[in-house]
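Since the structure comes first, as structure tokens, the remarks are kept for the end.
Just so you know, these numbers use all the heavy atoms, side chains as well, and skip hydrogens, waters and symmetry mates. Reminder, nothing fancy here: chain letters follow the sequence lines and each chain counts from 1.
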Amino acid sequence: MTEKSAATPPEGNRILDAIVVGAGPAGLAAATLLARHGQDVLLLDEAAEPGGQIYRAVELTAPGSRRAAILGADYLRGADLVGHFRASSATYWPAAVLWHAAPGIEVLASRAGTTHPLRAAALVLATGAIERPVPVPGWTLPGVMTAGALQILLKSGGLVADVPLVFAGSGPLLHLVALQCRAAGARVAALLDTARPGHLVGALPALPRALAGAGPGYLARGLVQILRLGRSGIPIHRRVEALEILGEDAARAVRFRVGGATREVAAGLVALHEGVIPGQNPARLLGCAMVWDEGQVAFRPQADAWGATSVAGVWVAGDAGGIVGARAAEHQGRLAALDVLRAAGRLEAAGRDRLAAGERRALADHLRIRGLLDRLYRPADAVRRPAGDTVLCRCEAVTAGAVRALAAEGLGANQIKAALRCGMGPCQGRLCGPAVAEIVAAARGRAPEGPDHYTIRPPLKPVPLGELARLA
Amino acid sequence: MFGRLSGDDGEASGRVEIRVDGRPVAARAGDSVAGALLAAGVRRFRRSPVTGAPRAPYCMMGICFECLVTIDGQPGRQACMIAVAPGMDVRTAEGDPDRD
Ligand SMILES: Cc1cc2nc3c(=O)[nH]c(=O)nc-3n(C[C@H](O)[C@H](O)[C@H](O)COP(=O)(O)OP(=O)(O)OC[C@H]3O[C@@H](n4cnc5c(N)ncnc54)[C@H](O)[C@@H]3O)c2cc1C
């Protein structure tokens, strides 16, 4: 990492070899490899520290500390990845937001109150996943957060809930964060599992694939986690349905149906989670073709085996290109970097392929478990296309019912946005976009297609007016 | 709503004093503004400009924009993505009732 070039922004006529967006496992691996091959590469990330979602603030966590013990070995291994990146010649811009990007490649990135226009031959989007929004009645109340949000507070501030905490949803990350919060001393009043046991049977066809390579390792860790959860003393309710959060000015309880009965549990904090989906906005802004992945119930950018998207000069790696998990993200980052080197004429195709062989094997290995996870934790229709008056768009307080009524008249996502203002608030449809797309597609009686989602326009994040004025 | 983990790594990092709606709040260096506010017991960050209902952080990763506050006079700042700095002046909807 070069401090000098970090202080001297690569502006004006200088064209970088590559810009990598996102300092998670995919972006760190891509930028490190590009730098090792002598490329002039800039890695920028909105976060103040490298690591992405999984390895957030890993450099600040001392091995052997209480926090390290709570977060575990899968977290701490990120320190090596960050260390290799730090030792490389790549330029690193923390706390820098990419808010516009266009083919060519032209990028506008905001850092410390100034927007920098940047140009590069290649752009690697390693912008990661978001937690799937969980629109349920009451989810806009203060005190309702995502499970990932609680993990972020723990990783970056050592913050732990000190009011009764209820987890609700499904998936390994929900279980992991519940255990981490519990180990940190939180009082977990209940874990409401919405996963449906019927999925177990449906998932069986994906089991053989998961029984080789790295698969058994993941299976073993998953089983250990399930056992630990069972022994943790956390009250667990399974096959939970019709979840709602009660409260006037803040969450005070959850109500849900289980085994035909309706129950209530008091809660000062509610953590929701229904898996993660690729963040949509950067790839859509660039005009990358998006495809619907029925297995993952989400859109992802169309990409080849190297992560090259439909837009020349734009690659995608890691969870931004479809949920693969942290280890696979790392290998995808290196594969994308190798193809960037090929496109730049630094490697022949044969040389690229030779260097890629090991990465490809490791990637396939880490992907063996994916189909099983996707099937086991497939989100329920009620989460994807909520009923009635549930608020979908938090920014503009637009309900599922209002969206559904217009979809039934044949309107598409952008028309519904114009009519109801959903997706027009500051979050720019990040939270309502997935559900609106699914409701639109369902009204048309088919699977979602790329354009069923809102069109995304710059800025990706609001930029203060003064900053825009200085840019012009 | 939140307390600090005892025996935590963060204990070594320095103290940073900020002002929240006019009153002093002690944060830790490296805290996000949203983290510092949650640790200080702030439950309402903003009001929905449409319904007026109170809102607070949902995602903590820059996606939901529910943590928007006024920082050093600049409205609409993402409290979860901005680190605390000494003397920072933070206004929530409570301290700034006319603001959306
Ligand atoms: C909140 C959360 C917690 C998670 N915790 C775990 C966990 O504990 N264990 C686990 O196995 N998996 C976890 N995951 C799953 C996780 O997505 C992957 O394991 C892994 O982090 C994916 O790596 P990645 O490099 O693809 O993306 P990420 O690690 O998500 O990194 C993407 C980076 O891109 C940056 N970024 C995005 N958009 C922009 C922009 N416009 N401008 C600048 N920077 C930008 C983000 O700040 C982020 O740092 C978590 C996911 C989430 C959402």
Do Thr114(A) and Glu467(A) have side-chain atoms, one donor and one acceptor, less than 3.5 Å apart?
-> no

So which of Gly157(A), Pro462(A), Pro426(A) has the biggest tally of heavy-atom pairs under 4.5 Å with chain B?
-> Pro426(A)

To the nearest 0.5 Å, atom CZ of Arg182(A) lies from atom CZ of Phe167(A) at 11.5 Å

Is a salt bridge present between Asp21(B) and Arg44(B), judged by a nitrogen-to-oxygen distance below 4.0 Å?
-> no

Applying a strict 4.5 Å limit to non-hydrogen atoms, the region of Gln53(A) in contact with chain B is side chain

Between Ala109(A) and Leu44(A) the two heavy atoms that sit nearest each other are CB-CD2, 4.0 Å

Roughly how far, to the nearest 0.5 Å, is the CZ atom of Arg67(A) from the CG atom of Leu154(A)?
-> 7.0 Å

Taking every heavy-atom pair that is under 4.5 Å apart, which of Ala48(A), Ala397(A), Pro464(A) has the most such pairs with chain B?
-> Pro464(A)

Identify which part of Ile82(B) has an atom lying under 4.5 Å from any heavy atom of chain A, answering side chain, backbone, both or neither.
-> neither

Chain B contact via Leu269(A) - which portion, at a heavy-atom distance below 4.5 Å | side chain

What distance separates Lys461(A) NZ from Arg430(A) CZ, expressed to the nearest 0.5 Å?
-> 5.5 Å

Applying a criterion of heavy atom separation less than 4.5 Å, what residues of residues 56-66 of chain A form contacts with chain B?
-> Arg56(A), Leu60(A), Thr61(A), Ala62(A), Ser65(A), Arg66(A)

Neighbour count above 12 (heavy atom, 6.0 Å) for Arg43(B) CZ | yes

Taking the six-membered ring of Phe299(A), is NZ or CZ of Arg284(A) closer than 6.0 Å to its centre and within 45° of its axis?
-> yes

Look at Asp31(B), Thr51(B), Ile63(B) and state which one has the largest set of heavy-atom pairs under 4.5 Å with chain A.
-> Ile63(B)

Could you tell me the separation between the CE atom of Met61(B) and the OG1 atom of Thr146(A), rounded to the nearest 0.5 Å?
-> 8.0 Å

Greatest number of non-hydrogen atom pairs under 4.5 angstrom with chain B, of Val163(A), Leu159(A), Ile130(A), Leu431(A), falls to Leu159(A)

Proximal component of Ser32(B), with respect to chain A [non-hydrogen, under 4.5 Å] | neither

Atom group of Thr140(A) that falls short of 4.5 Å from chain B, counting heavy atoms = both

Which of Ala36(B), Gly62(B), Gly30(B), Ala83(B) touches chain A most, by non-hydrogen pairs under 4.5 Å = Gly62(B)

Between Val270(A) and chain B, which part of the residue has a heavy atom less than 4.5 Å away: side chain, backbone, both or neither?
-> neither

Turns out that what part of Leu165(A) lies under 4.5 Å from chain B's heavy atoms comes down to neither

Pairing of Glu66(B) and Arg55(B) as salt bridge, 4.0 angstrom limit | yes

Could you list the residues that satisfy salt bridge (Lys or Arg N to Asp or Glu O under 4.0 Å) with Asp72(B), not counting sequence neighbours?
-> none

Separation between SG of Cys393(A) and NZ of Lys417(A), rounded to the nearest 0.5 Å | 10.0 Å

